[in-house]
Each structure stands twice: as structure tokens, then as C-alpha cells.
Amino acid sequence: MWRGRQRITSIRQVTFTAGPAATVGRFQGSGQGPGVHPGPFLFLIKNCISVIVGLLRCQNTTPQRPRRFGRGADKIVGLEKMKKYNPNKIERKWQKYWEDKKLYEAKDFSGGKEPRKMTSSSRGNNFMLLVEFPYPSGDLHTGHWFAFSVPDIYGRYLRMNGFNVMYPIGFDAFGLPAENAAIKNNIHPRDWTKKNITKMSKQLRSMGAGFDWSREVSTIDPEYYRWTQWIFIQLYNAGLAYRAETLVNWCPNDKTVLANEQVIDGKCDRCGSAVEQRNLSQWMFKITSFADRLIDDLKDLDWPESTKLAQINWIGKSEGININYDVEGVNIQITVYTTRPDTNFGATFIVVAPDSKFVKENKELFSNEDEVKKYLAESKKKSDLERIAEGRKKTGVFTGLYAVNNLTDKKMPIYISDFVLATVGTGAVVGVPGHDVRDFEFAQEKGLEVIRVVVGKDDDTSPITKIEQVQEGAGIIVNSKFLNGLDIHEATEKIKDYIEEKGWGKRAVNYRLHDWVLSRQRYWGVPIPLVFCEHCAAISNSQFPVFNDKEGGTIMERNGKRYAVVPVPENELPVKLPPLKDFMPADDSRSPLAKAGKWLKVKCPKCGQPAERETDTMDTFVDSSWYYMRYTDPKNEKEFASQENMAKWLPLPLYFGGAEHNTMHLLYSRFITKALRSQNLIDFSEPFLGRRNHGFIMDSTTGQKMSKSKGQAVDPDEQVAKYGADTMRMYFAFMGPYDQNYAWNFDSVLGVRRFLDRVWNFVNKPTTDNQQPTTESPEVRITIHKAIKNVGEAIKSHRFNVGVSELMKCLNAIEHSELSVVGCELFVKLLAPFAPHIAEELWMEVLGNKTSVHLEKWPEFNEALLLEELVTLVIQVNSRVRDTISVRQGLSEDEVKKIVLANEKIQKALEGKEIKKFIYIQDRLTNIVV
RNA sequence: GGGCGAGUGGCGAAACUGGCAACCGCAUACGCUUCAGGUGCGUACGACCGCAAGGUUUUGGGGGUUCAACUCCCCCCUCGCCCACCA
């Protein structure tokens, strides 16, 4: 109950009870419904308060404004005549209004228009707020809604805080699903994609987000992908793109190359058949040459630690040593990479990968040729699926060769086994079965010697016979001559020095990360802008090279012929994707573009002779790794973006997106940025200074991530029609932290809608006493100013759910009070980022403003006013709550002590006991220890 | 096997820097309102004991530090995600 009203003699004494905030400032029984008028007594009190407060705070007289209906003193409207909140009626209206007024079209102001408040990381006062652009899969799903509508709250808040916000939108429109859908529905991928873009644009508009549609980009637009091709050529000329043979996933049923992410548990994610490995010639980006910087530069980024760690682990840098062992009886060496040379005294065998260089080059030296051949053939045929099914079972074949361990002079048999991977390290492993589980398994299989060279804390020195005894962690070295007694870290460094001194090997660094295979033998992608010319290759020699240094062109072999690889000149870009009717993948693992006869044959840009285009297209991750740059200058015909515009917006202060891109899109974008920086084409080396991940919206019935392919139970369009976009937006914000996963809850949505209904009725509420309220009560004012503070801080720190809850709390507290127009306006401003349509309607139509609420400044709260609020002080005796009292803020310990010791309940609790300690935490709690 | 994250009412969740655990909302119950309601308003609502006042107890489990622990430290359990024979 609101006790304060009986004893207002000064502002100081206006008290809030310790009760729930919901009852604060509430006039019981007044103004609750249509035509209900408070009794004359309450009126009197209310008016008295207004007068007293007005006298006390005369600086706060409320400006009088004309209003069309609702609160106007000139026009009393009963609630029964009041318009009901009807989102469908107002939302489209305001969306159109904002678009007509170009409210969200960001101007390319030069930086530093106003001092930065939120972050020092982006340029001047400009703030590009980015959410990963969507793939036009057909329908906007609830996940999109969540991903885009919640950051819009932040964007609107920034805008109200004086930032020049750009919230761009576009489509990542190339990719395999378009082809699949096209094949299925007998429609061209381009038509399918464009249709989807049209539909999804409309759906995105229904969100009421502050998207800047004037900057829309689409990766399938030739004016966009011309620059994707241009960037490829820059990287090619810089030696950062090259062609090489590599193992790729091959689906024998669909006759196509699959990206790693299209292989699920060794099966094609489309047809389910077992995926094979094929060796194909592919275009690659040299991402590994930036591996160290991709790790090191993470430390300055404001990213989730989990994302940073995911990238570090993905890059997988390890520091070890390459050891060369002489092979007995022949004049060759075998090189192994190991991170644990400290265990080398326990090495008893060597294993090489079936497709390793060592096997390829030394086949004729193997004694048991037939067996080796058989094993190689088998392991090549074996699909990933079979390997997975086999589990960890180790197979292998002896080559007949022995390597000599220099440290022990032991002969180590060399085996071939497919548990060793050709692409890791040197493709050869030294077997230390005592201290590596895989080595132990292999040793057991082949009956090889196991030696213990590390003992753990338990000091167990017994021979190792069981897998549980294999020890990989910390310990002390034994049985290793001069390493004995050292811990494994000391031993590792000592033995590395020793091996290097002896010339037996060299320290080496290894990465898990491999170069980025960007070729796709698919139709629906950006053509790689290169031409193969036989003639150029024929006339080129060391005296008359066809390429100068800058061009970076190369000669390469293909099907036994020599070709010069000639980049398409800049003025001939874009190399447009030919309008193929038959875009089914070809049988010979060549791209469908090979079927485009006319397009394929070109005059060589270098020599003018007949030549052929590259038929591979690019991985769509190339398209999406630079799109944010294009947003700064989307219509530029001369450059991918002007330096001037990029300087105004980049690097990005904040990037919202899904955690599934931790190691894909985010790493690729960082690489492309660093590659362009290395060529002085941009002046920043990290694209995204800040990063926030969002969670997924799960299907409440299946518990799975919502997606088009799996069919979705919740159609956002239906929900918008039912509840309105504002309710949807607010619900998504309210559900909980942005980075968590949620199931759609139909009932909870209703709660948010109820809140907006109440907001609507509250602001529209006619005055009950036929009097213009001059100013609200101090309690109400404090409540509103608290909301300004709390809602603002919540949005600023991306705690959107807390922001909504603070707004609700505020309404609960003021709902049954009189509010001045200024008070109403403050509330509507706080609501504006969350529910932009209803806020605009209330702002302009009800409160009678002439310009958009979204152009308003975020209100400032009155700190002095907040200090006037009484706080609840908890009194504990021996950490048990004995009473709570309402006191003014900032009391000293002595003052509090006096009050507390005078308290009856406390006296009772203290009876006959001696106070040992008096703890006082200002404005919060006291604890008396007895 | 490795890495990361999370465990708080019937549910989504809140809790600033160690300071009243459960704000806000949903669901539920009861009352009022309504011709009717997926309506509106009000009250109650972690659990246990109690008519009540009040008491006891509670943040996955166990221990520790502290006047005070959801929060800090140690051990354990469960779940989720990512990578996975990485030498």
C-alpha cells in the first residue's frame, strides 16, 4: 500500500514501503476502468498532492500541448469510445511512413560528429550495426526474427543516443540449396532465389526494424560479384590463391563434390550415401600463411571467449620437432613430427599414412610389395563411414624397412596404417606405445615392444600391459639416460636442444588449419575469373615469360597439357554466370559450367588466341567474407568500396550472429580482411571488433532447431498477424539472454501482448477528474526516472530481457496514477526501441507530436531525484534477517547503528548478548554478530 | 578422447563488485467483472509445519573460505554444443 500520501510534508518523507514495487504509488480503487471515478475524498488528496508537489518543484511545470483525443482537457473521451490497440492497423502505416521519410537511411557523415559514448572502437559517431545477412531459403523463420529484431532494439537505442546508425541488410544468395530446390521444383536457381528474396524482403519489412534498404546488397548481383571476382584476382596476383591437388568429399550418387559441412557422419546430407575421398585439383586460399596473426590478433577483440577459443583450437597451432631417422640399408631418411620428443627413448616403431609422400616415393623399397599394395588399395576404397564404423581398431602393414632411433640405436620397424593422416605433420608418426593410446593399440595389434619412459605421481614403474596404464599427462621421465628425473616439460626442451645440436632434426610448428579449398564444381556460384591458355604456355619461357611480376600468372599442367593461367582483366569483369538450362552436376567431377559451350570458349586476354575459362565456382563463404565492406559504398562502380567510405564505418564495432560461424564465416572474413590489408587495399586488419552470438529458436514440439528444411511449427507471419510485430519483437527480447536457445512459447507471447494493451490503454486513458494533471506525484516521477536509468543500462549492456522487465515494472507502478504529458512521453520514449510502431502511434497520434519518436533523444535521468528514494535496509543478527527498515540513502554507520539498536525486534534478538561486530553495507544491510 | 558452456520454483528467467534468492512474465487456484471469451480487474503462489502470527528449509551433490556464497576455491555428478585417430 502507498502509505506516503498521508504524510507528505517534504519530498524527503515520501516513502515507499518495503512491499512489492507493484503497489508503489497505486491509488487503490481509482481510475481502474471505464467510467469508474474515484471518490471525492481521494480526489481531494490527489489534488492536494498535485498542488504541494507543484509548489515544491515549480521548475517542472508541464508544457500544455494540444492533443487530438485521450488525455486532452478539451475533449473527454470515455474508455468505451477509446480505440482498441490494433497492431495490424498501425504497423504497416508507420513502416510506410518511416520508409517515405527515409528515417533509417544512414548518411555517410565523416566521423567524429559527436563524441563517442558507447565505444571507442568504431569510426567517429558512425555505427554500423550488423547481423549476419540471411540466406534466401524461402521463408523468414522465427530464428531470423530473433536474430534481427533484438539487435534492432540496440540500434534504435544508439540512434536515440546520438549515433549515426547504419543497420544494413542483404542476401547471401548463392549456394547449393538453390540448386537442389531448383532441380526438385523444375525452376531455375536464379528465379527461385529471386522469388525468395522478394518474399523475405517483405517479411523483413514487417519486423519494423530500422533497416537501411537503400544499401541492400545481394551476392548474386553481377555488380556485387564482380568485386568478389576482383578480390579473388588480387589474392591470386599476390600468390595467396593457388591450384593444387587435394582430397575432397565426393558423393558417388549425386556425382558431386561436397563441402565438409555437407557431410554428416560420413554420409551425404542430401541422399545419405557414403561419401568417398577423391583427389581433385582445386583452387585454394593460403589462409595458413596468416595462421599466427589469426591467433595473435584475437586478443584485442571484444568477442565471446568461447568464440576466440574455438578459433584458436581450430587453427590448432602446436610446437614440436621434425626428427629425421636414417632408414637401415638404404640411403633415405624418414621424417616424423612430434610434440613429445621427451618420450623418444620409448619409441619402438614408425607408422606412415597410406597416402603419404614417403609411401608414394619409396614403394619400390618395400619388401612385401603385394601385402602393401593390397592394404593401400583397401584403405583407399574405405569410406569415412567405414572408418567411423571400425571405431578405433588399428590395422596396418609392415614395409620391411627399419628406421634407426639415434638415441637408443634401436631398430624401429616402419608400418603403414590409416590411423595416421597424410595431411597432419609429415604424414609419419613415431610410435611411443607406453604414452600414447593410439600407439599402444597399434603395438598390441602388431605385438610391438612397449617401454615405460614416464612415471606419474603414483610412482608406478611396472611394465605397461593395459591401455589404462598408458599415461599421457604430467610426470617424471625414466629409462631415458640424461633425461631421467626431469619433468616432461623440462625434458621436452632439453631433448629438442639435443636433437638440434646433433643435427638429427629441427624444431617445427604445425597447424591443424589447412588452406581454404574455395573451388566448387557447382553451377550456382561466382565463376572463378581465370582463363586457361595453351598458346601462352607454349610461347612462354624463362627469357620471354608471358606474365610480369605483378600479374602472378602461372603455368600449370592439366590432362597432360600445359596451360597458362590468365586472370581476367579488371575491365572485363564481371565474368557473368552463363544462363544454363542444364545445371546438373557433370559426371567427370567437372563443374556444370563446362557445358556452357559458348561461354567456355574465349579469346585469351593475353595473346588473343582461343582459350578456355575456368569452370569452377567459388565457395559462398568467399561472397560473404567481404559484404560488410560493400555496405559502406554499395553502388560504387569503380571500386569494391571507396577508401573514404570505408574509413567512416570500418572496422565494425559490433557484429551479431550465430555461434555456428565461429570457425567458418568469422575466420574466413578475418582472413580476407588480412589478405586485403597485406595488399594495402584497406587500412584495417580486423573486420569485427565486437561480436555477440545469438541462440537458436527451437521448435517447441520437436525440440529441434527451427529451419525451413525440417518444416516449422511456428510461422512468424501468422504470429505477426495474430499479435503484431511489436509483440513479437518484445517477446524475443523478453524470453531471456540473447545468446541462449529457446522454444517458442505461445502463452508467454500473450503476456507481452497484454503488456502492450495496457500501455495503449494507459497512454490513451482519459483524465478522470476533468483536470489537466500538471505534474505527477514524486513517487511516479522517481519510478519513471528509475526506469530511464535501468532500461537504458539494460539495453546498453545487451540485457534486453531485463530492459523489458524494467519497462513492465515501471508500468505496474504508475498504471493507476495520473501522469503528465511529459511523463507519458518519457515512457513512450523508453518503449520506442522495443515496440517502435505502438510507440510511434502513441507519440504522434495520441500525444500529438509532429515528428517521429525515433528521432527523439533518449531521456536523461535525474540523479538527484533518484537519491531521494528511500531504500530498504536489511537488519541481520548473526546473518539472519530480523527486520527491514526504510531509510534515506547515504546514512552513516553511526546513524544506522542508532536506529537499529533502537529497533524493538532487534533488541529482542540481542537480549542479553554482547555485540562482537557491527557490519554496515551502505544502503543495503547491517549484520550484527553476537 | 579433447575443447567450450550450462545446471536457480510447475515453466522462461532475475540477482549490481560476495550483501533480503526467486524481480518481470507464463502457468495454476480463488474472488469480482462479463451475454460470451485464449476478455478485464484483484488476491495468492519455491518447499515443509501452522487457522494465523510466525518458524524451518532451499540455487545439481559434497567439502572449504567469509559476519555473509547462486556468486570465490577444491572434489564429484548430470546435460548441451563444437571438434574429433592432430602425433
Side-chain angles (χ1 to χ4, degrees), chain A residues 18 20-22 28-29 32-34 36 304-310 312-314 316 318 320 336-340 343 351 353 387-388 390-394 417-421 423-432 436-439 441-442 472 510-513 659-660 662-663 695-696 722 731 734-737 739-743 745-755 757-758 761 790 793 797 799 801-812 816 872-884 916-930:
Chain A
Q28 290 298 319
Q32 283 178 6
V36 176
E305 283 306 311
S306 57
T307 302
K308 290 187 186 183
L309 272 162
I312 289 169
N313 290 336
W314 186 264
S318 71
V336 302
Y337 172 77
T338 178
T339 55
R340 294 292 305 279
T343 61
V351 189
R387 281 173 212 241
I388 290 165
E390 274 177 9
R392 299 176 64 92
K393 194 173 182 307
K394 302 290 181 287
S417 173
D418 59 11
F419 86 85
V420 175
L421 307 175
T423 50
V424 178
T426 59
V429 174
V430 56
V432 185
D436 182 283
V437 170
R438 294 152 304 167
D439 293 354
E441 285 167 344
F442 190 75
E472 295 177 280
N510 222 314
Y511 299 94
R512 208 193 78 109
L513 181 74
E660 73 272 23
N662 277 353
T663 51
F696 299 115
K722 203 164 168 185
Y731 172 62
F734 186 52
M735 282 188 304
D739 58 1
Q740 284 177 35
N741 301 341
Y742 301 94
N745 183 323
F746 290 88
D747 292 326
S748 288
V749 183
L750 209 59
V752 174
R753 172 58 197 264
R754 277 203 278 262
F755 168 74
D757 278 328
R758 279 165 53 209
N761 293 342
N790 293 345
E793 282 173 0
S797 55
R799 286 149 60 236
N801 54 331
V802 179
V804 176
S805 131
E806 289 295 333
L807 268 179
M808 288 175 167
K809 241 195 274 189
C810 178
L811 183 69
N812 287 347
H816 298 298
T872 304
L873 192 70
V874 176
I875 311 173
Q876 299 179 333
V877 177
N878 280 345
S879 307
R880 291 191 164 266
V881 180
R882 290 300 168 201
D883 201 8
T884 58
K916 288 190 188 137
K917 211 168 174 185
F918 188 89
I919 292 155
Y920 173 52
I921 308 296
Q922 201 177 63
D923 300 341
R924 285 184 197 281
L925 148 156
T926 65
N927 191 6
I928 304 166
V929 185
V930 292

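In what follows, every chain begins at residue 1, and chains take the letters A, B, ... in the order their sequences are listed. The analysis underlying the following values was restricted to heavy atoms, covering all of them including side chains, and did not include hydrogens, waters or symmetry mates.
- For the pair A/Leu513 CG and B/C82 P, the computed distance is 20 Å after rounding to whole Å.
- Checking B/G19, B/C83, B/G38 against the side-chain heavy atoms of A/Leu750 singles out B/G38 as nearest.
- Within the 4.0 Å cut-off from OP1 or OP2 of B/C24, not a single side-chain nitrogen or oxygen of A/Arg799 is found.
- Spacing between atom OH of A/Tyr742 and atom P of B/C81 amounts to 17 Å, rounded to whole angstrom units.
- Rounded to whole Å, the separation between the C1' atoms of B/A29 and B/G19 comes to 35 Å.
- Comparing A/Thr338 and A/Ser306 against RNA chain B, the residue whose closest nucleotide sits nearer the 5' end is A/Ser306.
- Base pairing of B/C51: no nucleotide in any strand meets the Watson-Crick or G-U wobble criterion (both distances under 3.5 Å).
- Of the candidates B/C23, B/G3, B/G19, B/G19 carries the atom nearest the A/Leu925 side chain, counting heavy atoms from C-beta on.
- Here the separation of B/A22 from B/G10, taken at their C1' atoms, is 14 Å to the nearest Å.
- Comparing B/A27 with B/C11, their P atoms are spaced 15 Å from each other, to the whole Å.
- Computed from coordinates, the A/Asn662 CG to B/G3 P distance equals 17 Å when rounded to whole Å.
- In this structure B/U17 sits in no base pair that meets the Watson-Crick or G-U test at under 3.5 Å.
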Subject >> Test log, rule side chain to side chain contact (heavy atoms under 4.5 Å, CB included), inputs A/Val336 and A/Val429 >> reply: CA-CA 5 Å; A/Val336 302; A/Val429 174; 5.8 Å; no
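- Atom P of nucleotide B/C24 and atom CZ of A/Arg754 are separated by 15 Å, given to the nearest angstrom.
- In this structure, A/Lys809 places its NZ atom 12 Å from P of B/A22, rounding to the nearest Å.
- Among the atoms of the strands shown, only primed sugar atoms or phosphate atoms (P, OP1, OP2) are found under 4.0 Å from some heavy atom of A/Gly751.
- Within the shown strands, nothing qualifies as a pairing partner of B/A69 under the Watson-Crick or G-U definition with both distances less than 3.5 Å.
- In this structure, A/Gln922 atom CD and B/G18 atom P are separated by 18 Å, rounded to whole Å.
- In this structure, the side chain of A/Tyr731 does not engage the main chain of A/Leu750 through any donor-acceptor pair within 3.5 Å.
- For the 3.5 Å distance criterion, the side chains of A/Ser318 and A/Asn510 fail to qualify, holding no donor opposite an acceptor.
- On the P atoms, B/A15 is 31 Å away from B/A53, given to the nearest whole Å.
- Across all strands shown, B/G5 forms a Watson-Crick or G-U wobble pair, both distances under 3.5 Å, with B/C79.
- Both tests hold for A/Lys394 against A/Phe419: distance to the six-membered ring centre under 6.0 Å, angle to the ring axis within 45°.
- With contacts defined as side-chain heavy-atom distances shorter than 4.5 Å, the pair A/Leu807/A/Phe734 does not qualify.
- Residue-level contact check: A/Asp439 touches neither bases nor backbone, having no heavy atom under 4.0 Å from any strand.
- The gap from the C1' atom of B/U78 to that of B/G62 amounts to 15 Å, rounded to the nearest Å.
- Atom name C1', nucleotides B/C23 and B/G46: the rounded distance is 15 Å, in whole Å.
- The A/Arg924 side chain lies nearest to B/C16 when the options are B/C16, B/C85, B/C4.
- Formation of a donor-acceptor pair under 3.5 Å by the A/Asn662 side chain with backbone atoms of A/Thr307 is not found in this model.
- When both distances must be under 3.5 Å, the Watson-Crick or G-U wobble mate of B/C85 does not exist.
- Looking at heavy-atom distances under 4.0 Å, A/Val437 makes no contact with the nucleic acid at all.
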**OP:** Give the C-alpha distance, both sets of side-chain angles, the deciding distance and a yes or no for side chain to side chain contact (heavy atoms under 4.5 Å, CB included) between A/Arg799 and A/Asn801.
**Re:** CA-CA 6 Å; A/Arg799 286 149 60 236; A/Asn801 54 331; 4.2 Å; yes
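- Not one side-chain nitrogen or oxygen of A/Gln740 sits closer than 4.0 Å to the OP1 or OP2 atom of B/G12.
- A/Arg753 comes within 4.0 angstrom of no nucleic acid atom, judged by non-hydrogen atoms across all strands.
- The glycosidic torsion of B/G9 lies within 90° of 0, which places this base in the syn conformation.
- Of the side-chain N and O atoms in A/Asn812, one or more sit less than 4.0 angstrom from OP1 or OP2 of B/G25.
- Checking B/G38, B/A87, B/C20 against the side-chain heavy atoms of A/Lys722 singles out B/G38 as nearest.
- The side chain of A/Asn801 places an N or O atom within less than 4.0 Å of a non-bridging phosphate oxygen (OP1 or OP2) of B/A14.
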Subject >> Protein-to-nucleotide contact annotation, 5' to 3' order, nucleotides 64-72 of chain B [B base; S sugar-phosphate only; - none; under 4.0 Å, heavy atom] >> reply: ---BS----
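- Here B/G54 presents its P atom at 11 Å from CG of A/Asp883, a figure rounded to the nearest Å.
- Taking a cutoff of 4.0 Å between a charged side-chain nitrogen and a carboxylate oxygen, A/Arg438 and A/Glu441 do not qualify as a salt bridge.
- Across all strands shown, B/A29 is found opposite B/U43 as a Watson-Crick or G-U wobble partner, with both distances under 3.5 Å.
- Comparing B/A52 with B/A44, their P atoms sit 14 Å apart, to the nearest whole Å.
- A/Arg512 and A/Asn313 form no side-chain donor-acceptor contact under 3.5 Å, judged by distance and modelled atom types alone.
- To the nearest whole angstrom, the two P atoms, one in B/C67 and one in B/A6, are 29 Å apart.
- The listed nucleotides are B/G25, B/G55, B/U57; the one nearest the side chain of A/Arg882 is B/G55.
- The side chain of A/Lys394 has B/C85 as its nearest neighbour among B/C20, B/C24, B/C85.
- Mapping A/Ser748 and A/Tyr337 onto RNA chain B by nearest heavy atom places A/Ser748 closer to the 5' end of the strand.
- Nearest heavy-atom pair across A/Phe755 and A/Leu811 is CE1-CD2, 3.7 Å.
- For the pair A/Leu811 CG and B/G25 P, the interatomic distance rounds to 9 Å; values are reported in whole Å.
- A donor-acceptor pair is defined here as one N or O able to donate and one able to accept, closer than 3.5 Å; such a pair exists between the side chain of A/Asn878 and the backbone of A/Val930.
- Applying the 4.0 Å criterion to OP1 and OP2 of B/C86, one finds that A/Arg438 has a side-chain N or O inside that range.
- Residue contacts for A/Lys308: at a heavy-atom cut-off of 4.0 Å it reaches no nucleic acid atom on any strand shown.
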